[in-house]
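Taking it in order: structure first as structure tokens, then the write-up.
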Amino acid sequence: MLHLINKSPFESMSFEDCLKYASSGSPILFYEDGVYGAMAGSSLEGRIKEIMGDHDVYVLKEDLALRGLERIVDGVKEVDYAGLVGLTEEHKTASW
Amino acid sequence: MLHLINKSPFESMSFEDCLKYASSGSPILFYEDGVYGAMAGSSLEGRIKEIMGDHDVYVLKEDLALRGLERIVDGVKEVDYAGLVGLTEEHKTASW
Amino acid sequence: MKYGILILEGPYQHEASDSAYQFARAALDKGHEIARVFFYQDGVLNSTKLMEPQSDDRHIQKQWSALATENEIDFVVCVAAAKRRGINEEVVAEGFKIGGLGMLTDLAIEADRLITFRA
Amino acid sequence: MKYGILILEGPYQHEASDSAYQFARAALDKGHEIARVFFYQDGVLNSTKLMEPQSDDRHIQKQWSALATENEIDFVVCVAAAKRRGINEEVVAEGFKIGGLGMLTDLAIEADRLITFRA
Amino acid sequence: MNEAAQKLMIVFRTAPYGTIYSYEGLENVVMMAAYEQDLTVLFIDDGVLSLKKGMDSSAFGIKDFSPTFKALEPVYDVEKIFIDKASLESRGLSLDELIIQPELIDSDQVEKLMEEQRNFMMF
Amino acid sequence: MNEAAQKLMIVFRTAPYGTIYSYEGLENVVMMAAYEQDLTVLFIDDGVLSLKKGMDSSAFGIKDFSPTFKALEPVYDVEKIFIDKASLESRGLSLDELIIQPELIDSDQVEKLMEEQRNFMMF
């Protein structure tokens with residue numbers, strides 16, 4: 001299952017909600033305001049690093065660029081829309 | 001300042017955000033999905049009791065009834081729309 | 001007191017518009033003046049007379065129109081927000097008028113209390 | 001693969017509609033089929049031809065209409081959600097058609113992947 | 001259920017009334033039930049609040065849609081109805097405070113249910 | 001500022017682009033600035049993200065409105081611009097990563113600023 005997070009994890013619980021259900025090995029992708037979850041140096045960085053043991057974490061390039069975000073947490077993978085489509089080929093998706 | 005919370009505190013950080021800024025003595029009112037914050041017996045009950053030392057906590061009756069909520073945290077005051085208008089006469093409001 | 005009401009969300013999708021309506025009624029019942037209701041962002045969608053809810057549901061536009069006409073309240077729909085969402089002079093219902101964002105600034109200056117209903 | 005796309009939010013207010021559009025373009029570029037785009041809840045507001053955004057902004061309805069006609073994709077606007085929000089046959093733009101909720105069930109049965117864009 | 005029945009699921013994760021998500025999820029359950037598919041309904045997070053007993057919409061004119069939830073099994077023959085135990089507990093609710101009594105599941109069953117479906121939608 | 005100037009404030013607390021709140025807040029600042037009132041602009045919570053340097057909207061067609069934020073002081077004469085220090089820090093940002101450098105304030109100043117105004121709006 002590919003879990004899609006589109007709300008800022010500083011403001012919404014949808015990221016933490018999703019983690020309660022996501023099994024080990026299920027990828028998580030941040031897009032729209034969700035991309036703020038991938039910012040390096042934020043108070044969420046530790047949490048992101050913690051879950052990377054269990055989940056591949058992706059972030060959508062186009063939404064990073066729109067918001068001027070360049071420094072993202074080490075190990076988070078940038079994908080563009082073509083890459084997102086590729087992930088949905090491999091996985092069913094849940095939009096939180 | 002009267003702080004108005006209309007989003008479920010189980011899903012949104014707006015309640016906790018508001019508390020960072022609200023000074024002691026400022027009332028807080030739950031309405032719309034915010035009223036779930038006032039449910040007795042939930043995992044938030046301790047937090048609500050904690051802040052009641054600093055803030056009067058109100059909850060909108062009409063939104064409680066719509067959602068079938070009867071048991072609310074001891075000390076939380078129920079007001080109807082007339083009561084809410086009364087609070088806005090006394091205070092400026094912030095809608096979170 | 002002189003109240004201003006600002007509505008940022010559309011009908012049915014969010015409760016914001018219902019809450020604003022109930023608040024406005026209660027404020028009038030207590031003898032307050034409502035200087036203006038300003039419909040902004042998706043709030044402009046409250047004003048369309050094309051709205052046709054199911055027969056057993058509330059008709060949010062008609063509720064608003066009745067409130068405006070019965071109490072002679074000024075209802076302003078933000079022109080830029082409206083155009084972007086397909087709301088224009090042809091579809092705006094009785095009681096609403098389309099106006100500029102400056103009318104929100106006027107309201108913020110004039111009202112004793114400005115209450116926002118939002119997502 | 002055969003994709004279905006479900007859109008639950010209106011244009012401009014949320015990014016959901018922009019994201020869905022970008023996703024649909026990328027899926028087509030990769031050679032996938034889009035069986036249907038279903039516009040539901042505030043998503044129905046994407047379909048109005050009365051939309052007039054500012055000249056320096058994207059025109060979300062026209063983007064969608066072009067996508068539908070160029071690629072012969074089925075765009076269905078939920079009739080109950082539409083009526084409630086003032087969207088009817090007169091205002092629906094080229095490329096969209098109004099249809100029943102059953103067409104979303106059909107899509108869920110038929111599509112290999114159903115992707116939701118929401119608030 | 002028809003012979004070519006597909007596994008479909010509607011997930012409720014949003015509180016009722018504050019937004020229309022819960023209501024529209026329910027509309028979909030009713031529609032899908034008419035298609036005689038292999039249908040599952042799941043309540044997680046704030047979605048469990050849609051089932052609270054005692055809703056009274058008389059003050060507002062907002063439609064109280066809990067009678068339709070109540071009718072899912074007896075009228076619409078929806079039999080697979082699950083609820084996340086942890087979501088219910090964190091909101092201080094028990095099954096007997098709900099208008100229907102879905103089968104309690106642990107959170108680690110949620111993603112499995114999603115994976116099993118041909119498609120699902122979350123409201 | 002005119003003689004009868006009123007104290008007005010726009011508060012940004014929402015991230016840009018995901019919703020239109022931030023954009024419409026900015027439209028209001030520009031409008032209010034033209035009225036020559038005693039105007040304050042405040043960034044708290046995710047609102048601080050509206051000021052991030054380096055926004056590039058070329059991929060999307062969504063309007064990049066950061067040039068207007070940049071113009072608030074030099075073009076629109078908005079001088080009272082504040083930002084909540086804790087909100088900035090929790091997002092790992094420093095003032096030099098922002099397109100403008102508002103005055104840093106502590107969180108306990110936020111409600112005081114709200115109280116001082118004739119009216120304020122939060123986006």
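By convention in this document, chain letters (A, B, ...) are assigned in the order of the sequence lines, proteins followed by strands, and residues within each chain are numbered from 1.
Within the 4.5 angstrom heavy-atom criterion, only side-chain atoms of T14(F), from C-beta onward, approach chain C. Only the side chain of Y23(F) comes within contact range of chain C, judged by heavy atoms closer than 4.5 Å. Residue I115(C) does not touch chain F at all, counting heavy-atom pairs closer than 4.5 Å. The parts of I20(F) that come within reach of chain C are both its backbone and its side chain, each placing non-hydrogen atoms under 4.5 angstrom from that chain.
Residues of residues 69-84 of chain C lying under 4.5 angstrom from chain F, judged on non-hydrogen atoms, are A81(C), R84(C) by number. Contacts with chain C (heavy atom to heavy atom, under 4.5 Å) involve these residues of residues 93-123 of chain F, listed by number: R118(F), N119(F), F120(F), M121(F), M122(F), F123(F). The contact list for residues 32-46 of chain C toward chain F, using heavy atoms and a distance under 4.5 Å, reads Y40(C), Q41(C) by residue number.
Within a 6.0 Å radius of NZ in K70(F), other residues, nucleotides and ligands contribute 12 heavy atoms or fewer.
Residues L101(C) and E27(F) meet the side-chain proximity criterion, which asks for heavy atoms closer than 4.5 Å.
K62(C) pairs by the salt bridge (Lys or Arg N to Asp or Glu O under 4.0 Å) definition with nothing, not counting sequence neighbours.
The choice from L114(C), I109(C), L8(C) that makes the most heavy-atom pairs within less than 4.5 Å of chain F is I109(C). Chain C forms the most heavy-atom pairs under 4.5 Å with one residue out of E24(F), Q6(F), K7(F), and that residue is E24(F).
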